[in-house]
Amino acid sequence: MPITSRILEVAAADPDQLAIVGGHTGSPAPDESADSAERARAQRSLTYAELVTDSATLFAAVDALHGAQTDPPNPAPETHGIPITAVSLTSAFETSRIIAGLAGFRAVSATIDPRWPLDHQVGVISTTGIGLVISDSTPLAEALAAAGWTGTVITATDLHSCEAAVDPADTTPPTVREASEPFLMLFSSGTTSNPKAFIKTRQQYRDNVAVSSAHLEPFAGVATLAPGPVSYSLTLYAVVESLATGGSVHVADDFDPFTMGSRITGEAITRIVAVPAVVRAIAEAARRTPARFHGLDLVVTGGANLPASIRSALAEVLPDTRLISYYGAAEIGFIGDSRDGDGTWISIYDTIGVEVRDGSGARLPDGEIGTVWISAAACSDGYVTGTTDAQLRRPDGWATVGDQGRIDNGLLQLAGRAGDIAITGGHKVSLPEVERAFEGFDGEVCAVALPDDGLGSIVALVIEPDSAGHGSEGGTPDSGTPDKATLLDHARAKLAPQFVPRRFYLLDRLPRTVGGKIRRHETVDLVMSGKAQRL
């Protein structure tokens with residue numbers, strides 16, 4: 001179901017239906033100009049008819065900016081020569097407007113998280129051949145110029161000025177593009193390494209919409225709230241699938257529990273797509289003002305291993321609101337979902353093939369942990385040249401992002417990525433499974449594998465106490481942190497013997513990606529360098 005054909009269809013049949021709705025952007029970010037922030041506040045929504053008109057002038061302005069370059073960067077070969085436009089803005093509305101607006105034209109779009117380290121942003125832009133960057137960050141513009149990049153950086157305000165200068169008579173309307181044409185350049189999450197770039201063709205996105213439409217209910221006319229940066233694949237896909245199915249997508253730069261309740265009521269939102277941390281915040285906000293959330297029918301959250309406590313908290317305060325935790329990978333697409341418990345057992349969608357294989361590629365018997373391989377029509381062809389040497393897809397079409405898991409009774413249980421499996425005394429131990437056993441303890445935990453001469457490796461648990469239980473700078477625990485005996489007793493009651501951590505450590509702050517995911521490998525480095533306190 002192509003995004004542009006549905007946009008044109010709704011614009012003709014119901015021109016006043018809302019397509020994209022933004023919220024109050026709050027204070028400008030440090031690198032965001034006051035004019036840009038004021039513009040985002042002033043224009044907070046587009047109907048389908050306005051989106052079609054807006055897209056024509058937007059593409060004309062973007063095309064002119066690419067065309068004015070005397071020495072344009074060479075786009076990655078995977079784009080088939082189509083220039084790449086990247087958006088690196090804090091405004092979710094503005095980012096959504098640009099991505100949706102360029103969808104009906106010969107353009108490849110990308111979203112770059114402005115919170116990425118500056119050198120990484122420069123590296124990705126230079127390596128992939130992005131030619132135009134829409135960003136309000138002066139440091140990024142200066143760093144790109146210093147790196148010898150020959151593309152163009154333009155602020156959101158200046159882009160609006162370029163659009164305003166376009167004569168509508170000189171524009172062409174959006175059209176449905178060829179299925180094989182590259183559409184979006186996306187990036188992996190960067191949980192275990194720096195994000196890798198990959199391309200989605202229009203057909204691959206259409207195939208992905210077909211799967212999500214069948215299972216995650218982005219129906220025509222439904223108002224979906226998708227709070228958070230559009231650089232997140234979960235949020236970006238919520239924008240695309242809502243428009244591809246004739247719904248309205250309501251975006252927000254971040255999740256504010258004090259205003260989201262009023263938005264749900266005032267904007268008749270019935271569906272939310274958000275990360276698990278936001279789902280937890282929804283439950284807490286609904287506990288304070290439940291009446292504002294009673295119209296909420298469905299919450300969709302991405303990523304496996306949704307803590308059972310989040311599902312329970314939401315069900316307690318909003319018993320009529322359904323919660324679906326889906327499993328997928330941005331490179332591959334939607335794979336399956338879980339509708340109860342902690343999301344570790346996944347029901348695989350009927351159009352998706354799943355196998356668990358060992359390191360040689362041989363299929364493993366049910367119950368054994370190995371690498372999860374997927375066969376899905378929505379899968380990207382591979383990673384963009386120069387951004388990684390990792391292989392995504394084999395010639396037979398099966399692909400993997402390195403997730404580990406097991407199949408039992410037709411269900412898939414996830415065990416983490418390759419680096420999330422410890423081999424200790426000949427046993428395979430899923431480190432995320434160890435972490436789930438400690439759900440409910442104050443603070444965050446990260447299970448790691450440490451080298452051991454006798455067993456190969458041993459399991460250890462690193463604890464980041466919450467603010468109430470934080471120790472001193474030296475890591476001395478106070479009454480807010482359980483002692484080792486308590487931790488051991490809890491682990492032995494919840495886990496098989498080989499899964500019980502042999503050591504426990506305290507760390508003031510666990511290392512994380514910009515998206516908040518804990519970096520396991522860096523945690524190991526901190527422990528091995530003596531920067532964590534052993535209990």
Side-chain angles (χ1 to χ4, degrees), residues 1-23 43-55 92-93 95-101 103-104 173-174 176 202 205-228 230 234-252 255 259-274 278-279 282 286 291-302 314 318 320-324 326 334 337 339 349:
M1 188 176 296
I3 176 176
T4 305
S5 66
R6 180 48 64 91
I7 289 173
L8 294 173
E9 177 184 315
V10 177
D14 188 5
D16 294 331
Q17 180 181 326
L18 289 170
I20 305 171
V21 183
Q43 184 177 1
R44 298 192 327 209
S45 68
L46 285 172
T47 66
Y48 271 86
E50 289 169 341
L51 176 58
V52 171
T53 302
D54 184 76
S55 67
F93 174 78
T95 304
S96 301
R97 178 187 79 89
I98 294 170
I99 296 298
V176 178
R202 296 173 185 278
Y205 244 103
R206 292 167 190 171
D207 290 331
N208 216 20
V209 170
V211 176
S212 69
S213 297
H215 300 281
L216 303 179
E217 305 181 22
F219 299 144
V222 166
T224 295
L225 174 63
V230 183
L234 176 144
T235 311
L236 175 61
Y237 187 75
V239 171
V240 172
E241 73 170 356
S242 294
L243 298 175
T245 54
S248 301
V249 62
H250 299 241
V251 296
F255 182 81
T259 61
M260 287 302 154
S262 59
R263 285 196 69 182
I264 289 169
T265 300
E267 298 170 23
I269 290 166
T270 59
R271 180 174 179 266
I272 290 180
V273 178
V278 168
V279 179
I282 290 170
R292 291 184 173 182
F293 293 83
H294 281 169
L296 188 59
D297 174 56
L298 176 64
V299 175
V300 177
T301 187
L314 188 69
L318 296 174
D320 296 326
T321 301
R322 296 170 295 135
L323 175 59
I324 300 175
Y326 74 77
F334 294 105
D337 68 47
R339 305 189 180 213
Y349 296 142

For this session: Would you give the length of the straight line joining atom CZ of Arg206 to atom OG of Ser5, rounded to the nearest 0.5 angstrom?
Result: 7.0 Å
Problem set entry | Minimum heavy-atom distance between Arg202 and Ala103, given as atom pair plus value | NH1-O, 2.6 Å
For this session: Can you label the angle between the Tyr237 ring and the Tyr205 ring as parallel, tilted or perpendicular, going by 30° and 60°?
Result: parallel
Exercise. Any salt bridge between Asp297 and Arg271, counting N to O under 4.0 Å?
Worked result: no
Problem set entry | Ala252 versus Met260, closest heavy-atom pair with distance | CB-CE, 3.4 Å
Exercise. Distance-only, no hydrogens or angles: does the Ser55 side chain make a donor-acceptor pair with backbone N or O of Val52 under 3.5 Å?
Worked result: yes
Exercise. What heavy-atom pair brings Ser45 and Glu50 nearest, and what distance separates the two atoms?
Worked result: O-OE1, 4.0 Å
Problem set entry | Result of checking Asn208, Ile3, Thr235 against Val240 for side chain to side chain contact (heavy atoms under 4.5 Å, CB included) | Ile3
Exercise. Phe293: what forms a ring pair (Phe, Tyr, Trp, His ring centres under 6.0 Å) with it, not counting sequence neighbours?
Worked result: none
Exercise. Between Thr265 and Ala291, what is the shortest heavy-atom contact and its length?
Worked result: OG1-O, 4.4 Å
For this session: Take Arg292 and Ile264, measure what side chain to side chain contact (heavy atoms under 4.5 Å, CB included) needs, and give me the verdict at the end.
Result: CA-CA 7 Å; Arg292 291 184 173 182; Ile264 289 169; over 6 Å; no
Problem set entry | Check: Val239 main-chain N/O paired with Ser242 side-chain donor or acceptor under 3.5 Å | no
Problem set entry | Test ring pair (Phe, Tyr, Trp, His ring centres under 6.0 Å) applied to Tyr349 - qualifying residues, sequence neighbours left out | His215
Exercise. So do the side chains of Ile99 and Leu236 get within less than 4.5 Å of each other, counting heavy atoms only?
Worked result: yes
Problem set entry | Heavy-atom pair of closest approach, residues Val209 and Glu241 | CG2-CA, 4.5 Å
Seminar exercise, completed: For Ser96 and Val230, the nearest pair of non-hydrogen atoms, with its separation, is OG-CG2, 3.6 Å
Exercise. Looking at side-chain heavy atoms only, is the closest gap between Leu234 and Tyr326 below 4.5 Å?
Worked result: yes
Seminar exercise, completed: Distance col, row Arg97:CZ vs Leu46:CG, nearest 0.5 angstrom, shows 7.0 Å
For this session: Hey, could you give me the CZ/CD1 distance between Phe93 and Ile98, rounded to the nearest 0.5 Å?
Result: 10.0 Å
Problem set entry | Heavy-atom side-chain proximity of Thr47 to Pro15 below 4.5 angstrom | no
Exercise. Gln17 and Ser248: side chain to side chain contact (heavy atoms under 4.5 Å, CB included), yes or no, with the steps?
Worked result: CA-CA 8 Å; Gln17 180 181 326; Ser248 301; 3.9 Å; yes
For this session: Test Glu217 against every option in Leu298, Val222, Thr245 by the side chain to side chain contact (heavy atoms under 4.5 Å, CB included) rule and name the one that passes.
Result: Leu298
For this session: Please answer whether the main-chain N or O of Thr259 pairs with a side-chain N or O of Ser262 as donor and acceptor at a distance below 3.5 Å.
Result: yes
Seminar exercise, completed: Rounded to the nearest 0.5 Å, the CG atom of Asp337 sits from the OG1 atom of Thr301 at a distance of 11.5 Å
Exercise. What distance separates Ile272 CD1 from Thr224 OG1, expressed to the nearest 0.5 Å?
Worked result: 9.5 Å
Exercise. Hey, what do you get for CZ (Arg322) to CG (Leu296), rounding to the nearest 0.5 Å?
Worked result: 10.0 Å
